[in-house]
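Basis for what follows: all heavy atoms, side chains included, without hydrogens, waters or symmetry-related copies.
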Amino acid sequence: MSQILVNGLLTGGLYALVAVGFSLVWGVMNVVNIAHASYIMLGAYITYWLFHLYGLDPFLSIPVSMAALFLLGYAVGSLVLNRVVRFGLVMTLVLTFGIDMILQNGALLLWSADYRSITPAYAGQGLAAGGVMIPYVRLAVFVLAVLFVALFSLFLSRTRMGNAIKATALNPFAAELNGVRIQRVYALTYAIGAALAAAAGSMVSVVYTIHPQVGNVFLTRAFVITVLGGLGSIPGALLGGVILGLAESLATVTVGIGWSEAISFTLLVAILIVRPQGLLGKRFFGGVG
Amino acid sequence: MVSEPLLRVEGLEVAYGEVQVLWGLDLAVAEQEVVALVGSNGAGKTTTLKALAGALRPRAGRIVFEGRDITGRPAADAVRTGIVLVPEGRQLFAGMSVHENLMMGAYARQDGMGAIRQDLDWVYELFRELAKKRGQLAGTLSGGEQQMCAIGRGLMAKPRLLLLDELSLGLAPVIVDRLVEIVTRIHRERGLAILLVEQDLNVALAMAGRGYVLETGRLVRSGAAEELLADEAVRAAYLGM
């Protein structure tokens with residue numbers, strides 16, 4: 001039983017990182033970013049290829065995948081998304097869906113649909129304590145994921161740019177009156193979202209087998225976690241991630257692994273009925289009051 | 001006026017789509033001057049301020065500030081040239097603290113943390129109510145406190161020209177009196193040029209030395225505050241009768 005809880009917790013940390021960038025883009029720009037799935041996938045492939053072609057340790061390639069996706073995200077944000085962001089949720093949903101299709105099919109063409117995985121030398125090793133087995137890789141992923149989420153939270157609350165992002169999320173008109181160039185903030189927010197997705201993707205490639213559609217299951221989870229934790233809330237993403245991780249882990253031993261998607265959506269519906277602003281939804285953010 | 005005024009507006013025309021709301025507006029604000037823009041609902045007062053602050057793009061006309069043509073500059077640039085709008089309805093960052101709101105006012109400043117801190121102390125001294133609530137979320141403040149926070153945020157931008165839109169809207173008379181007193185004090189202490197918009201004629205001309213009267217997008221009269229206050233036609237036009 002404790003093994004199940006540990007597994008759930010470890011997975012939950014990664015889920016939180018998967019969700020936090022998605023939640024940011026949604027909360028700040030009011031964009032449900034379907035392409036988040038592709039950014040996770042691209043992060044995973046960058047780490048995979050750097051490992052296979054150059055033998056670069058998967059954890060060391062995280063900065064590379066983040067930087068690459070930051071640039072891609074900034075380009076997509078400033079050149080494409082900024083043109084339609086004021087037309088509302090449906091328009092941007094369709095657009096990011098299109099971007100996602102292009103990137104996923106591009107990956108299929110380039111790298112085929114083969115399942116691939118990374119096996120560094122330390123892959124099989126782990127920590128055994130009190131009848132519980134904790135693989136080093138998964139522990140490292142958990143610690144790093146939580147660290148990234150914490151650093152990102154500090155960035156938002158402590159830096160001038162972070163405050164500009166928050167202000168833009170709350171009131172874009174007032175932000176502009178205070179001198180914030182909101183188009184730039186949107187592009188930057190989108191780029192940060194993509195970079196966080198890439199970090200999550202790099203870690204996904206160490207834990208799971210990857211393929212061009214690998215991001216899709218995580219996108220579903222990011223969506224559920226964002227609603228569960230509260231739109232735009234970082235502690236919410238962390239809590240939501242851990243809850244979903246534990247719920248899925250418990251589901252595998254009780255009702256079977258095939259039910260994990262059903263668990264996700266049951267949680268989604270339940271939270272929407274009981275507490276639509278999410279568990280840690282903040283006042284005045286995301287228009288829920 | 002002999003020398004070039006701080007702000008000079010010539011033939012300003014603004015439209016929302018097909019609907020034109022400003023027709024050839026001319027006005028000027030000199031250095032250290034407080035000017036009121038009065039008129040009934042829908043006269044185009046808020047539109048004028050928004051155009052000056054870069055939040056609306058004029059269809060025609062010129063906005064000259066400190067001798068430079070700044071027509072059509074976006075809002076984020078207007079702040080940097082020194083024109084700061086305290087908008088109607090406060091428009092605070094509701095989910096951020098009073099302190100964070102005030103610091104957002106200083107977002108575009110380049111003159112260093114020392115100067116910003118000095119202004120912050122000054123704002124807290126002007127609005128003692130805010131000093132006690134600096135950690136509180138702006139959205140949870142009372143209406144009067146929100147207006148104070150909005151003015152404070154505007155001051156934090158270190159304006160050369162402060163635009164105040166409907167200061168008194170929805171506030172109790174005691175609070176309005178206090179705001180009028182503070183605006184007068186700001187003008188006295190800093191010699192700040194202010195262009196203010198008000199529905200309440202008495203409130204407007206209590207602060208301003210000079211005024212312009214707008215009626216359905218056109219300038220119908222201008223003059224010294226006392227003159228306008230005494231003018232029966234102005235009172236009639238102002239009340240929309």
- Strictly by modelled atom types, are Y190(A) and N33(A) linked by a side-chain donor-acceptor pair under 3.5 Å? yes
- Query: Side chains of D200(B) and S168(B): do they bring a donor and an acceptor to under 3.5 Å?
  - Reply: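 No, no side-chain donor-acceptor contact under 3.5 Å.
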Can I get a per-line list of side-chain donor-acceptor pairs under 3.5 Å for residues 225-233 of chain A, giving both atom names and the distance, sequence neighbours left out?
residue	atom	partner	partner atom	Å
T226(A)	OG1	A222(A)	O	2.7
S233(A)	OG	G236(A)	N	3.0
S233(A)	OG	L280(A)	O	3.3

- Message: Quick check against the 3.5 Å criterion: does S202(A) have a side-chain atom that pairs as donor or acceptor with the backbone of I62(A)?
- Response: no
- Can any side-chain N or O of D69(B) pair as donor or acceptor with the backbone N or O of V64(B) at less than 3.5 Å?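 It does not hold such a pair.
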[range]: residues contacting chain B (heavy atom under 4.5 Å, by number):
range                       : result
residues 85-95 of chain A   : none
residues 144-162 of chain A : R160(A), M161(A)
residues 174-189 of chain A : A174(A), A175(A), E176(A), L177(A), N178(A), G179(A), V180(A), R181(A)

Does [X] come within less than 4.0 Å of [Y], counting only side-chain N to carboxylate O?
X       : Y       : value
R190(B) : D119(B) : yes
R178(B) : E129(B) : yes
E13(B)  : R59(B)  : no
E88(B)  : K45(B)  : no

- Among K132(B), K133(B), Q136(B), which one satisfies side chain to side chain donor-acceptor pair (under 3.5 Å) with E145(B)? K133(B)
- Task: Establish, yes or no, whether the cationic atom of K50(B) lies under 6.0 Å from the six-membered ring centre of F173(A) and within 45° of the ring axis.
- Result: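 Cation-pi check for K50(B) and F173(A): passes.
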- Using non-hydrogen atoms only, which part of A55(B) is less than 4.5 Å away from chain A: side chain, backbone, both, or neither?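 The side chain, not the backbone.
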- Note on the structure: Applying a strict 4.5 Å limit to non-hydrogen atoms, the region of I83(B) in contact with chain A is neither
- Query: Would L155(B) and L102(B) count as a side-chain contact (heavy atoms from CB on, under 4.5 Å) if you check the C-alpha gap in whole Å, the side-chain angles of each, and the deciding distance to 0.1 Å?
  - Reply: CA-CA 9 Å; L155(B) 291 175; L102(B) 293 177; over 6 Å; no
- Query: Between Y15(A) and F218(A), what is the ring plane arrangement, given parallel below 30°, perpendicular above 60°, and tilted in between?
  - Reply: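 Judged by the thresholds at 30° and 60°, the geometry between Y15(A) and F218(A) is perpendicular.
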- Item | D111(B) side, atom CG; Q118(B) side, atom CD - distance, nearest 0.5 Å | 9.5 Å
